[in-house]
Structures are given as C-alpha cells and as structure tokens.
Amino acid sequence: MSIQLRPALPADVRAINALVQPLASRQILLGKELVVYYEAIQEFLVAEREDGAIVGCGALHVMWEDLGEVRTLAVSDEVRGTGLGHRMLEALLERARALGLDRVFCLTFEVDFFARHGFEEMGPDPLSPELYAELLRSNDEGIAEFLDLARVKPNTLGNTRMIRPLGSH
Ligand SMILES: CC(=O)SCCNC(=O)CCNC(=O)[C@H](O)C(C)(C)COP(=O)(O)OP(=O)(O)OC[C@H]1O[C@@H](n2cnc3c(N)ncnc32)[C@H](O)[C@@H]1OP(=O)(O)O
C-alpha cells in the first residue's frame, strides 16, 4: 500500500498523539498535551496510508535564524524498517533547507539512524555565548534540552544530542 507524506492538519492531532503516546510512555519520545500539538501542528508532516491511516509523523521546529530541531519523529510498528523514517527525515531536512537553516539538532536514542542521515554527535560547546544567552530566554523544553540545562536532565538521560550541518550534504 502506498504512503504519502503531507503537511499535518489539525484533524491529524489525535492520530499523531496515538502514535507518540506508547513511545512517550516508554520514555523514547517526549509526550505532549493535545493543545501543544494543535499549537505546533504547522511544524508537522504526517505519513498517510492509502486507507487514510496515519502511520508516521515528524516535526521541524525553528530555534533560531539558522538553527532548527527535528522533533517527534515516529513511525508505526507495522511499517517500521521499510524506509518511511528515512523519507520523513529527508522531507524535514528539505523543509529546513527551504527555510534557510544551516543546521538541525536532534535528541535521540536512534544514534545510528540519525548518523546515517548526516547527523553528528554534538560537542560540548557548539554555540556562541551570545546565542546561548538568547536561547536561554525561551520557555521551550526542547531548547532547554538543546542547551543541556540541568532542569531537563531527566528528559535527556541516555539520549544523544546530535547536529546536522545542511548545505553540501
Ligand atoms: C528527534 C526525534 O524525534 S528522536 C526520536 C526518533 N524516534 C524514535 O525513536 C521513535 C521510535 N522509532 C521509530 O519510530 C522509528 O524506528 C524511526 C523513526 C527511528 C525510524 O523509522 P523507520 O521507518 O523504521 O526507518 P527506516 O526504515 O527508514 O530505516 C531504518 C532501517 O530500516 C532498514 N530499511 C530502510 N529502508 C528499507 C527498505 N526500503 N526496505 C527494508 N528495510 C529498509 C534499514 O536497515 C534502515 O537503516 P538505514 O538507516 O541504514 O537505511
């Protein structure tokens, strides 16, 4: 059965939540309240099967003029390992390029998967002090994770912070 990628709609939120919830309960992904998905829905792509089922989702969150984050990338069990994760990640990176971003962050247990798509483990200090200070003003959990702040350590335990330079890759 063919699977199409498309921008997510508000009507997809419950299906996205159903994909993410089991992974969040295993602490693989960060769970979000429904209202947070609605607010961020324009960041999401979904993968829709011919029968209308949503079998994948992923988001690109903009953090700064040149910096974004891949968030909430998930593929349902029945289609995992068939290349859908790869397609979704490439589509999110294409969005990042279209937005003029230079690099994309992710926080993940799936180090090999992201490494095969050009992500590298992040060094301890990739940011200028000026940008660090600006990002500290955000209340967003993902930005706190990017900055490796102590208050989000429970979220990041065992995860790897990775970054993907765009451009020539
Ligand atoms: C920033 C974040 O969101 S981090 C969180 C990442 N998400 C998670 O950890 C949630 C749980 N995991 C998942 O949902 C999925 O396992 C994902 C999203 C990580 C990967 O999605 P998948 O659809 O399984 O990935 P995909 O199939 O593209 O690739 C996995 C492997 O499957 C195999 N594969 C890929 N394409 C095919 C194909 N056409 N046929 C058979 N096997 C294939 C390969 O071994 C591939 O490895 P590769 O990277 O060397 O190509």
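All values reported here derive from a predicted model rather than from experimental measurement. Below, each value reflects all heavy atoms present in this structure, side chains not excepted, and no hydrogens, waters or symmetry copies. Remember, it's 1-based here, ligands and their atoms both numbered in the order they're listed.
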Look only at interatomic distance and state if [X] has a nitrogen or oxygen under 3.5 Å from any nitrogen or oxygen of ligand 1.
X	value
Thr72	yes
Phe113	no
Leu107	no
Gly83	yes
His117	no
Arg116	yes
Leu29	no

Is the closest side-chain donor-acceptor distance between Glu43 and His61 under 3.5 Å?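 Checked: Glu43/His61 side chains pair up, N/O donor to acceptor below 3.5 Å.
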Any donor-acceptor N or O pair under 3.5 Å, side chains Glu121, Thr160: no
For ligand 1, the portion of [X] having any non-hydrogen atom under 4.0 Å away:
X	value
Val75	both
Leu73	both
Asp112	neither
Arg87	neither

If the cut-off is 4.0 Å to any non-hydrogen atom of [X], which atoms of ligand 1 fall inside it?
X	result
Cys106	1 (C)
Ala74	14 (O)
His86	28 (O)
Val70	1 (C)
Ile28	8 (C), 9 (O), 10 (C)
Arg71	3 (O)
Leu23	10 (C), 11 (C)

Using side chain to side chain contact (heavy atoms under 4.5 Å, CB included), reason through Val13 and Phe44 one step at a time and then give a plain yes or no. CA-CA 10 Å; Val13 162; Phe44 273 84; over 6 Å; no
Heavy-atom protein contact below 4.0 Å for [atom]:
atom	result
atom 10 (C) of ligand 1	yes
atom 20 (C) of ligand 1	yes
atom 46 (C) of ligand 1	no

To which of Gly142, Ala59, Ala24, Gly81 does the heavy atom nearest atom 40 (N) of ligand 1 belong? Gly81
Quick test of your reading of the structure: of Gly85, Ala115, Pro22, Cys57, whose heavy atom lies closest to atom 23 (O) of ligand 1? Gly85
Any sub-3.5 Å donor-acceptor pair from [X]'s side-chain atoms to [Y]'s backbone N or O?
X	Y	result
Ser138	Leu135	no
Arg87	Ile3	yes
Arg6	Glu48	no
Arg161	Phe146	yes

More than 12 heavy atoms of other residues, nucleotides or ligands under 6.0 Å from CD of Gln27: yes or no? no
So which heavy atom in the protein is nearest atom 16 (O) of ligand 1, and how far is it from that ligand atom? Arg80 CD, 3.3 Å
Quick one: nearest non-hydrogen protein atom to atom 39 (N) of ligand 1, plus distance? Thr82 O, 3.3 Å
Within a strict 4.5 Å, meaning less than it, do heavy atoms of the Tyr132 and Leu147 side chains meet? yes
So His117 and Met162, do their side chains get closer than 4.5 Å, heavy atoms only?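 Not in contact.
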So, using side-chain contact (heavy atoms from CB on, under 4.5 Å) as the criterion, who are the partners of Arg137 when residues are at least two apart?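 Arg137 satisfies side-chain contact (heavy atoms from CB on, under 4.5 Å) with Glu134 only.
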Partner set under side-chain contact (heavy atoms from CB on, under 4.5 Å) for Gln42, not counting sequence neighbours: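 For Gln42, no residue satisfies side-chain contact (heavy atoms from CB on, under 4.5 Å) once neighbours in sequence are set aside.
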Please evaluate residues Phe119 and Thr108 with respect to the criterion side chain to side chain contact (heavy atoms under 4.5 Å, CB included), reporting the C-alpha separation (whole Å), side-chain torsions for both, the decisive distance (0.1 Å), and the verdict. CA-CA 11 Å; Phe119 284 76; Thr108 187; over 6 Å; no
Can you spot which of Leu73, Leu45, Leu101, Leu93 makes a side-chain contact (heavy atoms from CB on, under 4.5 Å) with Leu60?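 Answer to the side-chain contact (heavy atoms from CB on, under 4.5 Å) test with Leu60 among Leu73, Leu45, Leu101, Leu93: Leu101.
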